[in-house]
Each structure stands twice: as C-alpha cells, then as structure tokens.
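Only this structure's heavy atoms are used, side chains among them; waters, hydrogens and symmetry mates stay out. Order of the sequence lines sets the chain letters (A, B, ...), proteins ahead of strands, with each chain counted from 1.
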There are 2 protein chains.
Amino acid sequence: MEKNTATTIFESLSSGLRLDVYRLLVRKGTEGMVAGEIASTLDVPPTNLSFHLKALTQAGMLTVEAEGRFQRYRANLPLMLDLIAYLTEECCSGHPEQCADMRAASKCPDAVLPPFSSTPQTSEK
Amino acid sequence: MEKNTATTIFESLSSGLRLDVYRLLVRKGTEGMVAGEIASTLDVPPTNLSFHLKALTQAGMLTVEAEGRFQRYRANLPLMLDLIAYLTEECCSGHPEQCADMRAASKCPDAVLPPFSSTPQTSEK
DNA sequence: TGAATAATACAACAATAGTTGAAATAACAA
DNA sequence: TTGTTATTTCAACTATTGTTGTATTATTCA
C-alpha cells in the first residue's frame with residue numbers, strides 16, 4: 001500500500017460524521033444504503049453528506065453504484081484489512097516475541113497481526 | 001471505544017509525517033526511539049516533530065518515558081488492535097457469510113475480523 | 001558554578017478543511 | 001411535456017491545522 005493511500009484513508013475517517021457513515025455502512029454489509037437514507041438516518045443536510053461521501057469514496061472506503069436516480073453506497077471492508085496489514089508491517093522487526101506480548105495486551109486478543117501470523121509481507125516503502 | 005477516541009486516532013495518522021513516525025516506531029518495537037533520533041532519521045526540525053509527537057501521544061498512539069533529558073517514544077500497538085475491533089463491530093450484523101466473502105477479497109486473508117471470529121461458529125440460515 | 005544539549009511552548013503566519021444555501025444535473029412519474 | 005425527487009456542484013464564509021523561528025525549561029558535564 002502506498003503511503004498516500006493510507007493517509008487518505010485516515011483522513012477520511014478522522015471526522016466524526018464520516019466515521020458514523022462508515023460504521024453505519026459496515027453494519028449494513030452488502031445491502032448498503034442510498035445517499036438520502038444515510039442523510040436522514042444521521043440527520044445531516046444532503047449537501048453536507050454529499051461532501052463527506054465524496055471524501056470517503058475517493059479514499060476507497062466506500063463504493064458507489066447508481067440505481068436510477070439513487071446512489072447506493074457500501075463499505076469497502078477489504079481495503080480496511082489491507083490497511084491493517086500495512087500498519088503492522090515489519091512490526092517489532094526481528095523480535096516476534098515482542099509482537100506476542102503486545103497482542104496479549106489488547107482487549108481483543110483474537111485480532112491477528114498479519115505479519116506475525118503468516119508469511120512475511122513484502123515491504124513497499 | 002469512544003467515537004472521539006477513534007477520530008482522534010485517525011486524525012493522528014492522517015499526516016504523512018505522523019504516519020512515518022508511527023510506522024518507524026512500530027518497527028522499533030519495545031526499544032522505541034528518543035525524540036532527537038526520530039527527528040534526525042526523518043529529517044524534520046525538532047520543533048515540528050515535537051508538535052506531531054504531542055498529537056500522536058495525546059491520541060494514545062505513542063507512549064513516552066523520560067530518560068534524563070531524553071524522551072523515549074514507543075508505538076502503542078494494543079490500541080491499534082482495539083481500534084480494529086471498534087471499526088468492525090457489528091460488521092454485516094446478522095449475516096456472517098457476508099463477512100467471510102469480504103475477508104476472502106482482502107490481499108491479507110489471514111487478518112481476522114474480531115467480531116466475526118468471536119461469533120458463534122454454528123451457522124444457521 | 002556555567003556552558004552545552006534535548007526537548008517543548010509560544011506566537012505568527014500560511015494552508016487546508018467543514019458547513020451552508022442556492023443552483024445545476026439527472027431520473028422518474030403524471 | 002411538466003413537475004417532483006435524489007444527488008451533486010459551486011461559491012462564500014468560518015474554523016482548524018501545519019510550519020517555522022525564537023524563547024523557555026530541564027538535564028548533563030566540565
């Protein structure tokens with residue numbers, strides 16, 4: 001993953017409203033929601049929502065599909081998993097026992113750090 | 001996790017420089033680095049780095065420990081794992097088969113979505 | 001003690017992001 | 001066709017963030 005891709009993703013989730021949108025769509029899964037439905041659910045002006053949907057979509061966090069005059073948005077979960085892999089790339093490089101310690105300290109020990117659990121990731125700097 | 005915690009974390013990683021700092025420290029593991037070492041490695045003015053270290057530390061992404069007149073910074077990996085759990089909370093609520101599909105679409109299929117892995121494995125439907 | 005070093009705080013300015021209402025575009029329905 | 005609905009684009013304004021140099025605090029060492 002490119003560094004710019006990662007920062008754009010983080011930027012896209014750094015607003016409370018955009019985070020609400022993304023999490024709402026994660027819950028909806030493959031069904032997704034159309035723009036107006038999202039706007040009324042979160043009680044934001046359509047023009048403002050459109051601004052944030054654009055940011056999320058350009059970051060790749062959402063996909064959009066036209067349905068007549070509606071636009072259906074869905075969360076792009078695979079991209080999130082790729083981001084996680086990028087973040088933990090070369091974690092504790094050369095010292096896997098440290099990774100195990102940190103993992104155990106999480107409230108969610110079932111979350112597997114990709115480079116620790118499996119084949120080494122290719123580092124693209 | 002509080003929503004404000006999550007947006008502050010994303011905000012803290014939305015700058016290219018702060019992302020460089022975080023990833024550098026993830027690689028260093030429990031050893032960490034002192035501020036001046038980070039500044040010279042990334043070639044940024046100390047005053048500017050200090051600004052960004054403060055943001056990352058206030059977001060909880062870094063810990064800091066005084067060593068005489070040095071300040072040693074380390075990445076807080078457990079918080080990242082908690083963030084992942086928060087993001088994928090209630091993913092595809094009620095439709096685990098969708099989660100499996102999305103997971104398979106990732107470049108990193110070994111990355112386990114926490115709420116999916118802790119969901120009862122007995123599939124009905 | 002006094003000089004040197006590590007790091008942060010402050011102030012000023014430059015740059016970017018967020019919100020809103022009005023207007024434009026495009027699809028549907030009567 | 002004409003009117004209605006869904007969504008986006010645009011322009012203006014407000015608010016926030018990023019960078020830099022200087023000053024300050026605190027620690028080490030001669």
Students often get this wrong, so: under 4.0 angstrom with heavy atoms, is B/Pro46 touching a base, only sugar-phosphate, or nothing? base
Regarding B/Arg72, tell me which of base, sugar-phosphate or nothing describes its non-hydrogen contacts under 4.0 Å with the strands shown. nothing
Separation of atom [atom1] in [X] from atom [atom2] in [N], rounded to whole Å:
X	N	atom1	atom2	value
B/Asn48	C/dA15	CG	P	15 Å
B/Leu13	D/dT17	CG	P	15 Å
B/Ile38	C/dA6	CD1	P	14 Å
A/Phe70	C/dA27	CZ	P	13 Å
B/Leu56	D/dG18	CG	P	11 Å
A/Phe51	C/dA17	CZ	C1'	6 Å
A/Leu42	C/dT19	CG	C1'	16 Å
A/Glu37	D/dT7	CD	C1'	14 Å

Judged by nearest nucleotide, the residue sitting upstream toward the 5' end of DNA chain C, A/Glu11 or A/Glu67, is A/Glu11
Earlier contact from the 5' end, DNA chain C, for A/Gly68 and B/Leu49: B/Leu49
Give a yes/no answer on whether the side chain of A/Tyr73 brings an N or O atom under 4.0 Å of OP1 or OP2 in D/dA6. no
Reckon B/His52 has a side-chain N or O less than 4.0 Å from the OP1 or OP2 of D/dT19? yes
In this structure, would B/Leu53 and B/Val64 fall into the same cluster of hydrophobic residues linked by side-chain contacts under 4.5 Å? yes
Can you get from B/Leu17 to A/Met1 by hopping between Ile, Leu, Val, Met, Phe, Trp and Tyr side chains that sit under 4.5 Å apart? yes
Is there side-chain contact between B/Leu83 and B/Met80, with heavy atoms separated by less than 4.5 Å? yes
Is there a side-chain contact between A/Met61 and A/Asn76 (heavy atoms, below 4.5 Å)? no
[X] has a side chain; which of [options] sits nearest to it?
X	options	result
B/Lys54	D/dG18, D/dT9, C/dA9	C/dA9
B/Val34	C/dG21, C/dA7, D/dT8	C/dA7
A/Ala35	C/dT8, D/dT7, D/dG18	D/dT7

Can you list the steps and then say if A/Tyr86 with A/Ile9 is a side-chain contact (heavy atoms from CB on, under 4.5 Å)? CA-CA 12 Å; A/Tyr86 172 78; A/Ile9 292 172; over 6 Å; no
On DNA chain D, compare the nucleotides closest to A/Gly36 and B/Pro45; which residue's is nearer the 5' end? A/Gly36
Taking atom types as they are modelled, would you say the side chain of B/Thr47 forms a donor-acceptor pair with the base of C/dT8 within the 3.5 Å cutoff? no
Tell whether A/Arg69 reaches the base of D/dT5 with its side chain through a donor-acceptor pair below 3.5 angstrom. yes
